[in-house]
Asker: 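Can you read through this structure? Questions will come right after.
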There are 2 protein chains.
Amino acid sequence: MYICQKNMFTLSEENYLKAIFHLATDSKKGVSTNAIAEKLNTKASSVTDMIQKLADKKVLVYQKYQGVELTELGRKTAANIIRKHRLWEVFLVEKLNFSWDEVHDVAEQLEHIKSPKLINELDAFLNYPKKDPHGDPIPDKNGNIQVVEKRLLHHLKEGELGVCIGVNDSSSNFLKFLDKNNIALGKQIRVLEKEPFDDSLIVEVEGKKISISHKIANNLYIEK
Amino acid sequence: MYICQKNMFTLSEENYLKAIFHLATDSKKGVSTNAIAEKLNTKASSVTDMIQKLADKKVLVYQKYQGVELTELGRKTAANIIRKHRLWEVFLVEKLNFSWDEVHDVAEQLEHIKSPKLINELDAFLNYPKKDPHGDPIPDKNGNIQVVEKRLLHHLKEGELGVCIGVNDSSSNFLKFLDKNNIALGKQIRVLEKEPFDDSLIVEVEGKKISISHKIANNLYIEK
DNA sequence: AATTAATTTTAGTCTTGTCTAAAAAAATAT
DNA sequence: ATATTTTTTTAGACAAGACTAAAATTAATT
Ligand SMILES: [Mn+2]
Ligand SMILES: [Mn+2]
Ligand SMILES: [Mn+2]
Ligand SMILES: [Mn+2]
């Protein structure tokens, strides 16, 4: 039997856990102090302080100068915050007329609301969605995340066709660009030409030809 | 032209404003340091510190030893937080299967979410409700609160009939007691007997006679 | 292998919001 | 009018979370 403190993690601790979780799934290595600092717009020294505290709380393992790795508890906690973030994003888009470029900042706040009943009822109210408005999978209540096979648009060869299934960048600017060019989740995209000089592409979306920079093509996920 | 800082008030400042607003409408006098401390479960010295800061921010006027009074800006700010609190309570009850005794703690968290679009869309989504699940009026977006004529149950005379329109106490214990005795907003209540010794009442609700202590009768609002 | 460069940690400071203990002012009682 | 009690404010301390500057460690070059 163990004691379970209510309001287990502070807002700041939750943000660190989430950042480390995301960095860990990207790199599959120990997550470095600097990487965390950059993601959270803070300083490395602040990160060192915080990861020591989080190590005491058993959500990650930390060895001086060696970066950190989440424990099972840490992963579950982070996944739960991401679950809340993505469910709220679905709610905002489906029920409150938000567009996909408006939801992130509000979800950053809502993800910290503490109420198991709230999040489970919200899940039911939304009909147990599997993906958020950006195509990212929603973890289940045990913290399991469905792994999706996805590749970046710029990996398609000339002539190949794919379906847009997600974005790597959820910034408002990027999403508005996609809106402007009629690119949305579920839409078909065919690569017509690849320009070797600047790695840009000419693609076809709904009959229209558009030019896509390398940076854009590097942030759009496609399923063949 | 004036500069408007984003995220104008901290969570703590918002809680102080809300507490002062509620204490001010009750007492119509300057609100005392001790009263604020008691409402927020904190110490008078902490309150003194905070009200000095809030006075600097022009949301209240403060003279040493004389208590505080909200400015127009302070009242509007507080009313907006209360608006959010009550709209969220409606959402939880109407859409997410919460009962009226479960909503308050979650709304205490949700009321601090900053997004004008969120709260206006929520208002529309709920069909512009005028009252929250406890019968309290929901301020409009300009901070105006409808004044409701209401009196406590124990002001009814023997034989008089009224309709339950609100509660003075939103604690889970009180609300569960009402549920248990089939008392809900909109229900008719007739006072059959008043016991002078302990100020208790015998009332009739939906054909059933029940005994009501003074404390209960002092927390139930009635419209004749 | 020895330097240099980059990363990470430590030490010390700051702000916010809280606390306790003591001093000051106001309210109440004698 | 004075003394006592209550309320309020000040002074000093603390924890969380952040920062800067300096020291320590690791990584990369020569
Ligand atoms: Mn997001
Ligand atoms: Mn998303
Ligand atoms: Mn409430
Ligand atoms: Mn309420």
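Chain letters run A, B, ... following the sequence lines, proteins first and then strands; every chain starts at 1.
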Asker: Report, one pair per line, the protein and nucleotides 18-22 of chain C atoms (nitrogen or oxygen only) whose separation is under 3.5 Å.
Answerer:
residue: dT18(C); atom: OP1; partner: S12(B); partner atom: OG; Å: 3.2
residue: dT18(C); atom: OP2; partner: Y16(B); partner atom: OH; Å: 3.4
residue: dC19(C); atom: OP2; partner: T42(B); partner atom: OG1; Å: 2.5
residue: dC19(C); atom: OP2; partner: K43(B); partner atom: N; Å: 3.1
residue: dC19(C); atom: OP2; partner: S46(B); partner atom: OG; Å: 2.9
residue: dT20(C); atom: OP2; partner: K43(B); partner atom: NZ; Å: 3.1
residue: dT20(C); atom: O4; partner: S45(B); partner atom: OG; Å: 3.0

Asker: For the pair made of CG in N15(A) and C1' in dA18(D), what is the distance, rounded to whole Å?
Answerer: 14 Å
Asker: Among residues 55-71 of chain B, which contact DNA chain C at a heavy-atom distance under 4.0 Å?
Answerer: Y65(B)
Asker: When the side chains of residues 125-143 of chain A are checked against the rest of the protein, which donor-acceptor pairs come out under 3.5 Å, sequence neighbours left out?
Answerer:
residue: K130(A); atom: NZ; partner: Y128(A); partner atom: O; Å: 3.4
residue: D132(A); atom: OD1; partner: H134(A); partner atom: N; Å: 2.7
residue: D132(A); atom: OD1; partner: G135(A); partner atom: N; Å: 3.1
residue: D132(A); atom: OD1; partner: D136(A); partner atom: N; Å: 3.0
residue: H134(A); atom: ND1; partner: E89(A); partner atom: OE1; Å: 3.1
residue: H134(A); atom: NE2; partner: W100(A); partner atom: O; Å: 2.9
residue: D140(A); atom: OD1; partner: N142(A); partner atom: N; Å: 2.8
residue: D140(A); atom: OD1; partner: G143(A); partner atom: N; Å: 3.0
residue: D140(A); atom: OD1; partner: N144(A); partner atom: N; Å: 3.0

Asker: Sequence neighbours left out, what passes side chain to side chain donor-acceptor pair (under 3.5 Å) with N15(B)? Give chain and number order.
Answerer: H112(B)
Asker: Got a sec, which residues hit side chain to side chain donor-acceptor pair (under 3.5 Å) with D56(B), two or more places apart in sequence or on another chain?
Answerer: none
Asker: Residues in salt bridge (Lys or Arg N to Asp or Glu O under 4.0 Å) with K150(B), at least two apart?
Answerer: none
Asker: Below 3.5 Å between N/O atoms, which protein atoms pair up with nucleotides 2-6 of chain D? Just atom names and distances, please.
Answerer:
none

Asker: Classify T33(A) by what it touches in the nucleic acid, base, sugar-phosphate, or nothing, heavy-atom distance under 4.0 Å.
Answerer: sugar-phosphate
Asker: Tell me every residue that passes salt bridge (Lys or Arg N to Asp or Glu O under 4.0 Å) with K117(B), counting only those two or more places apart in sequence or in another chain.
Answerer: E102(A)
Asker: Excluding sequence neighbours, so at least two apart, what forms side chain to side chain donor-acceptor pair (under 3.5 Å) with K58(A)?
Answerer: none
Asker: Taking distance alone, no hydrogens or angles, what donor-acceptor pairs closer than 3.5 Å link side-chain atoms of residues 168-176 of chain A to residues at least two apart or in another chain?
Answerer:
residue: N168(A); atom: OD1; partner: Y221(A); partner atom: OH; Å: 3.2
residue: N168(A); atom: ND2; partner: N219(A); partner atom: OD1; Å: 3.2
residue: D169(A); atom: OD1; partner: S171(A); partner atom: N; Å: 2.6
residue: D169(A); atom: OD1; partner: S171(A); partner atom: OG; Å: 3.0
residue: S171(A); atom: OG; partner: F174(A); partner atom: N; Å: 3.3
residue: S172(A); atom: OG; partner: D101(A); partner atom: OD2; Å: 3.4

Asker: Mind checking side chain to side chain contact (heavy atoms under 4.5 Å, CB included) for K194(B) and listing every partner two or more places apart, or none if nothing turns up?
Answerer: E158(B), V191(B), L201(B)
Asker: Should the heavy atoms of other residues, nucleotides or ligands under 6.0 Å from CD of Q63(B) be counted, would the total exceed 12?
Answerer: no
Asker: Measure the distance from CG on L54(B) to C1' on dT16(C) and round it to the nearest whole Å.
Answerer: 13 Å
Asker: Measure from CZ on F9(B) to C1' on dT16(C) and round the result to the nearest Å.
Answerer: 16 Å
Asker: What residues, two or more places apart in sequence or in another chain, satisfy side chain to side chain donor-acceptor pair (under 3.5 Å) together with K18(A)?
Answerer: E108(A), E111(A)
